[in-house]
There are 2 protein chains.
Amino acid sequence: MIPNKATYRTTPQKKALLSLLRSTKAHPTAAWLFDRLRLEMPDVSQGTVYRNLSVLAEEGVIRVLRNGSAQDRFDADVSEHYHVICESCGKVEDISVNVRTDANSEAERASGYEIHSHRLDFYGVCPDCQRRAAVGDDAE
Amino acid sequence: MIPNKATYRTTPQKKALLSLLRSTKAHPTAAWLFDRLRLEMPDVSQGTVYRNLSVLAEEGVIRVLRNGSAQDRFDADVSEHYHVICESCGKVEDISVNVRTDANSEAERASGYEIHSHRLDFYGVCPDCQRRAAVGDDAE
DNA sequence: TTAATTGCAAACGGTTTGCCACGTT
DNA sequence: AACGTGGCAAACCGTTTGCAATTAA
């Protein structure tokens with residue numbers, strides 16, 4: 001949680017973190033971002049990375065993909081879109097399936113909730129892992 | 001992770017845990033299940049609860065709802081259905097919106113992945129919390 | 001019998017936080 | 001000057017795991 005509602009500031013660390021996240025489509029984890037960021041800013045700390053990710057999310061500039069007891073992932077693309085997750089290698093990619101624009105209102109009717117958003121994830125095996133499985137058919 | 005592929009056994013702890021989970025529609029957390037289970041079996045340990053939840057999930061008897069860095073939740077209903085999550089109180093409920101039976105194949109076409117399943121969660125404010133907000137309009 | 005399961009408690013791992021110096025506004 | 005932010009390191013907390021004893025099959 002962020003200390004309080006406040007006027008956020010622009011700092012070198014925050015800028016670098018955001019542009020780093022914007023530079024990839026790989027939906028990286030905090031650890032990955034931290035490692036990368038350290039290359040350009042050897043003194044950044046984990047705390048800073050996590051705090052800024054929270055701030056950026058609160059500002060609505062990035063999106064947090066919470067993924068269970070596994071690590072969270074972050075996405076600089078805040079437009080409405082869905083994800084495919086490879087059950088074999090853990091990769092997360094964008095997927096372009098038709099967004100049902102009426103999904104939220106249908107859900108509202110069905111539940112009585114005031115719906116703000118929804119999240120749709122597909123789980124499967126990515127092309128790379130399919131190939132890998134077909135060749136080295138040793139596992140199992 | 002479960003030790004290995006093996007022949008699972010039926011134990012009192014496992015049976016009790018499963019029927020406890022089946023007795024509620026509240027998608028409880030491991031902690032809740034542990035506390036409840038302790039009422040009937042004062043000596044169960046957390047380890048046992050977690051291990052059995054993993055086993056049951058692996059057997060396909062229950063479903064794990066991974067929910068970000070927050071606690072996982074568990075669901076004895078393994079049929080295809082979706083959830084609404086209250087952003088205010090954290091409650092998780094089933095929601096009956098039409099399941100798009102063709103969603104997976106559309107996603108397959110769009111991504112090249114071999115899709116096995118998908119997950120759809122709606123986020124919003126439940127009726128209780130809406131009421132609460134309307135009355136005690138103090139916060140914020 | 002014998003391998004899976006249990007209880008216990010310690011370890012894990014990602015994330016958060018307290019402290020105080022620092023830098024943005 | 002005021003207060004949000006940074007670095008550091010310890011704390012958190014849900015979950016996992018090693019071990020020796022137990023128990024289902």
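A note on names: the letters A, B, ... follow the listed sequences, proteins ahead of strands, and every chain is numbered from 1.
- Taking atom OH on A:Tyr8 and atom P on D:dT5, their separation rounds to 7 Å, with Å as the unit.
- The side chain of A:Arg9 lies closest to D:dG4 when the candidates are D:dG7, C:dA3, D:dG4.
- Heavy atoms of A:Ala30 sit under 4.0 angstrom from primed sugar atoms or phosphate atoms, though from no base atom.
- For the atom pair NZ (A:Lys91) and NE2 (A:His27), the distance works out to 12.0 Å, reported to the nearest 0.5 Å.
- We find that OH of A:Tyr50 is positioned 9 Å from C1' of C:dG13, with the value rounded to whole Å.
- A:Asp77 approaches A:Asp94 most closely through the heavy-atom pair OD2-OD2, 4.4 Å.
- Across all strands shown, A:Thr29 has no heavy atoms under 4.0 Å from either base or sugar-phosphate atoms.
- Taking atom CD of residue B:Gln13 and atom C1' of nucleotide D:dA21, one finds them 14 Å apart after rounding to whole Å.
- Side-chain proximity of A:Val44 to D:dG7, D:dA24, C:dT15: nearest is D:dG7.
- No cation-pi contact links A:Arg36 to A:Phe34, judged by a cut-off of 6.0 Å to the six-membered ring centre and 45° from its axis.
- For the pair B:Leu53 CG and D:dT16 C1', the interatomic distance rounds to 13 Å; values are reported in whole Å.
- A:Trp32 places its CH2 atom 15 Å from the P atom of C:dT15, with the value rounded to the nearest Å.
- Residues B:Pro12 and A:Pro12 each lie close to DNA chain C; by heavy-atom proximity, the contact nearer the 5' end of the strand is made by B:Pro12.
- The separation between B:Glu58 atom CD and C:dT5 atom C1' is 15 Å, rounded to whole Å.
- The main-chain N or O of A:Ile115 is found under 3.5 Å from a side-chain atom of A:Glu108 such that the two form a donor-acceptor pair.
- Between A:Asn52 atom CG and C:dT17 atom P there is a gap of 15 Å when expressed in whole angstrom units.
- Rounded to whole Å, atom P of C:dA4 lies 14 Å from atom CZ of B:Arg51.
- Checked against C:dT15, D:dA25, D:dT15, the side chain of B:Asp72 finds its nearest nucleotide in D:dT15.
- Each of B:Thr10 and B:Gly47 has a nearest nucleotide on DNA chain D; the 5'-most of these lies closest to B:Gly47.
- OP1 or OP2 of D:dC8 has not a single side-chain nitrogen or oxygen of A:Ser45 nearer than 4.0 Å.
- Each of B:Thr48 and A:Met41 was assigned the nucleotide of DNA chain D with the nearest heavy atom; the assignment lying further toward the 5' end belongs to A:Met41.
- Nearest heavy-atom pair across B:Gln71 and B:Ala31 is NE2-CB, 4.1 Å.
- Taking side-chain N and O atoms only, A:Thr11 has a distance below 4.0 Å to OP1 or OP2 of D:dG6.
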